[in-house]
Amino acid sequence: MPEMSKVYDPKPVEAKWVQVWLDAGYFRASMDSQQPPYCIVIPPPNITGSLHLGHALNNTLQDILVRWKRMHGRNVLWIPGTDHAGIATQNVVERQLKAEGLNREVLGREKFIERVWQWREQFGGIIIGQLKRLGASCDWSRERFTLDEERSTAVKEVFVRLHQDGLIYRGERLINWCPRCQTALSDIEVEHEETQGKMYYLKYPLADEPEIFLTIATTRPETLLGDTAVAVHPEDPRYNKLIGRQILLPLTHRKIPIVGDPILVDREFGTGAVKITPAHDFNDFEAGERHGLPRISIFDKKARIQSFLDQEGVDKEVLNDLMQLDVAMARTQVVKWLDRRGYLVKIEDHKHAIGRCYRCKSIVEPFLSPQWFVKVNDPKNSLAQPAIDAVRQKKIRLIPETWEPNYFGWMENIKDWCISRQIWWGHQIPAWYCSDCNPMLHTYPDGTPIISKEAKPIVSRTDPTQCPACKGTKLVQDPDVLDTWFSSALWPFSTLGWPKDTPELKLFYPTNVLVTSFDILFFWVARMIMMGLKFMEEIPFKDVYIHALVRDPEGQKMSKSKGNVIDPLEVMAKYGTDALRFTLAAMASPGRDIKLSEQRIEGYRNFANKLWNASRFVFINLQERPIEKTVEPRSLADQWIGVRLQKCIGSVTRNLEEYRFDEAANHLYQFIWHEYCDWYLELIKPHLAGESPKADAAAARATMVNTLETLLRLLHPFMPYITEEIWKRLPHAGDSIVVAPYP
RNA sequence: GGGCGAUUAGCUCAGUGGUAGAGCGCUUGCUUCACACGCAAGAGGUCGCUGGUUCAAUCCCAGCAUCGCCCACCA
């Protein structure tokens, strides 16, 4: 053993043990162990990701649990893996292409996907290496990817079965459209943000009495082109006599009806008269349904082509003009036209919430288009209800419990899940269309087929070669891919080999706990519960430990643009991985965000150093005489530290059982520094210096060593590297502290 | 509009029905033979406000205030 320096240097220690542990295979789960299993599936980080503090926290907590259970002798399986992250990854690769003067349309779908796979080969594994450095004791021989072959099989199987059950359907609905990503988004992929906008007041003249007009208020004047009615409140004396009459839409002079609608119209708001644009607003869509109004969609390139293709007699020139406009320009243009023709009454400042894409922050537009949906709350065959019951009946525990109202609130009002995305990177939807049966197939300029809303899909596990209806062979696969979260919803069983009936599934499903942060409770956790119950007929995990977000010292979200990002890799290099892990654990109190400051990490770096030097002290005292481990404690100090150690073991264990990482860490800190070092080692110095009978000295030496050895095992799940390093220098039984018994 | 949480030492945060704790910071000593990433001693808090329950409340209850987060269709 090399000399111990006065200051603990984590770097060589960490590098050494990572390799030793991996080579020794300590993290591998056994398929023929008699020990009770303990299983966690990792929340798969995006392949585009680099380790940030959220990952560091998440995986530190999982690793603490996993190492703790492993030391208890459980047959531990922690399954690692990564997420293909559809939109995020596609965006990254598209940016790369742009830098090369290319784009995906030029490349074509096949080449583009190839290119993304190349990108993943090159960069997609970076985060896995970083997790290893963090000390994550995953079974790395079982690394999974949400888009690998086995997971694709699982995805297809689930899709086909849900479709057979009528729980997946294709239909034309109003969805959230990101004009930048050129794809549909699910409801929860839209972030609402209070924004200072404008309210436009516009004149709509009556069709047969143009001198009489209604003033309507709108925040989106450009959607006027798609208006199909104006609504007033049926009990509003100002307007209700007009119900049933026609009104002229400015600019186009299209005649649209005035309808009475008590649900849509708030008499107090605006002017009490509302334009209805069913194809561009969720409320208006429903109002349109109530009154049987047509839907006219006007914006977005794809949207425009689609909606005009579906109409007869489209003026090609109008189409071309509209094609050139983006949403922001359309608004300016339309307002200018309105003003010039005297339809604009006034513009006021107005605060309202607008939706933005969670990936690129572009303003999301409601857009009418054919998409695929999962029917989540079918009254006869609900996916949501069993998932609600499982939590209500405490088969699944949310920890802390305070998340339950949130969970129930969301699940009980859940809407159908839009799962199709108009991107290329992901699980392509296993549905095909026969060109003979569906003669209305068109293509976009980039060659992507446009499948009409009436087209009848052929859903199949394997690529079909013939249309079952007409025996035609010209089959086109649906160009859309599935929402990334569709494949991650299957993660707890797809990673164990489902749909094959594997021994892994039998042994490790349901998993023991899911460790995650609250921001993906709906994206991921709720959907895993639904899918697990549906396809395994069993909950996917017993506990869900929900931890907080890591913020900067001022409580701000860390972001590159704010420049307040603390990079865990830098922290690990500067203070040591053990210090970072211990800090995160010590600050992980339930239901509260972590405001991380570097000073705190420094404090725990000092703690590691304290332990290091206490150990040096122990070794110095062992050099002179052999150790007599079996000697009984004699002095009051010996007995006292024994009692305190037992108390500490009790607290740590109890707190870990309750996922109180912070309390467990604090007990360890308190005991090691302020009891073992400050009191015990000071008290026995006189004994060791030979001021006491020989037997007392021997007892002190033995107690000193035994206590240190025990507390190292106690601390190991939190600080794996330094504990292994010291433990290996002590007299010990076994090959590694990783597999030593927990006290 | 609904839900959740926060408000405790200068800062970041634990905690308990019976006169408050940690880390960092601060003050004053220490080249004490493990450690200055240290040791010792110390200063510093009417535990957001107002009521209520209780022998007793920072902790339980109600209301209020401020802040934060999530959800929600107000044009």
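Quick note on labels: first sequence line is chain A, next is B, and so on, each numbered from 1.
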| query | Parallel under 30°, tilted from 30 to 60°, perpendicular over 60°: which one fits the rings of A:Tyr659 and A:Tyr545? | reply | parallel
| Expressed in angstrom and rounded to an integer, what is the separation of A:Asn406 atom CG from B:rG2 atom P? | 15 Å
| said: In this structure, how many angstroms lie between the C1' atom of B:rG2 and the OH atom of A:Tyr407, rounded? | reply: 20 Å
| query | Are A:Arg605 and A:Glu598 ion-paired here, with the side-chain N under 4.0 Å from a carboxylate O? | reply | no
| request: Could you check A:Ile414, A:Ile529, A:Val374 and say which one makes a side-chain contact (heavy atoms from CB on, under 4.5 Å) with A:Leu383? | output: A:Val374
| task | Could you tell me whether A:Lys574 and A:Glu602 make a salt bridge, using a distance below 4.0 angstrom between a side-chain N and a carboxylate O? | result | no
| note | Those stems involving RNA chain B that have three or more consecutive Watson-Crick or G-U pairs, both distances under 3.5 Å, are B:1-7 with B:65-71, B:10-13 with B:21-24, B:26-30 with B:38-42, B:48-52 with B:60-64
| query | Which is true for A:Leu264 with a 4.0 Å heavy-atom rule: it touches a base, it touches only sugar-phosphate, or it touches nothing? | reply | base
| message | On the nucleotide B:rC73, are OP1 or OP2 found under 4.0 Å from the side-chain N or O atoms that A:His352 carries? | response | no
| query | A:Val190 or A:Lys275: which one's nearest nucleotide on RNA chain B is closer to the 5' end? | reply | A:Val190
| If we take the C1' atom in both B:rG44 and B:rA22, what is their distance in whole Å? | 15 Å
| 5' precedence on RNA chain B between A:Ile188 and A:Ala273 (nearest-nucleotide basis) | A:Ile188
| Rounded to whole angstroms, how far apart are NE2 on A:His280 and P on B:rC73? | 18 Å
| So which nucleotide from B:rG5, B:rA72, B:rA75 ends up closest to the side chain of A:Val274? | B:rA75
| message | Using a heavy-atom cut-off of 4.0 Å across all strands, would you classify A:His667 as base, sugar-phosphate, or nothing? | response | nothing
| message | Does A:Lys647 qualify as a cation-pi partner of A:Phe671, given the criterion of NZ or CZ under 6.0 Å from the six-membered ring centre and within 45 degrees of its axis? | response | no
| Aromatic ring proximity, centroids under 6.0 angstrom, A:Phe718 and A:Phe607 | no
| task | Give me the ring orientation class for A:Tyr669 and A:Tyr604: parallel if the planes are under 30° apart, tilted from 30 to 60°, perpendicular past 60°. | result | perpendicular
| query | If you look at every strand shown and take non-hydrogen atoms under 4.0 Å, does A:Phe282 touch a base, only sugar-phosphate, or nothing? | reply | nothing
| note | Of the candidates B:rU12, B:rC4, B:rA75, the side chain of A:His350 sits closest to B:rA75
| said: Looking at B:rA14, I'd like to know if its phosphate oxygens (OP1 or OP2) sit under 4.0 Å from a side-chain N or O belonging to A:Ser589. | reply: yes
| task | Could you check whether A:Gly576 gets within reach of a base, just the sugar-phosphate, or nothing at all, counting any heavy atom under 4.0 Å? | result | nothing
| task | Figure out the CG/P separation between A:Leu174 and B:rA75, and round it to whole Å. | result | 16 Å
| query | CZ of A:Phe282: more than 12 outside heavy atoms within 6.0 angstrom? | reply | yes
| note | Rounded to whole Å, OH of A:Tyr204 lies from C1' of B:rA75 at a distance of 11 Å
| query | Base, backbone or nothing for each nucleotide of nucleotides 22-40 of chain B, written B, S, -, heavy atoms under 4.0 angstrom, 5' to 3'? | reply | -SS---------BB-BSS-
| task | Mind calculating the distance between CD1 (A:Ile414) and P (B:rC71) to the nearest angstrom? | result | 13 Å
| task | Using a 4.0 Å heavy-atom cut-off across all strands, classify A:Arg660 as base, sugar-phosphate, or nothing. | result | sugar-phosphate
| A:Phe518 CZ to B:rG3 C1': how many Å, rounded? | 14 Å
| request: For A:Asp281 and B:rC73, give me the distance from atom CG to atom P, rounded to whole Å. | output: 10 Å
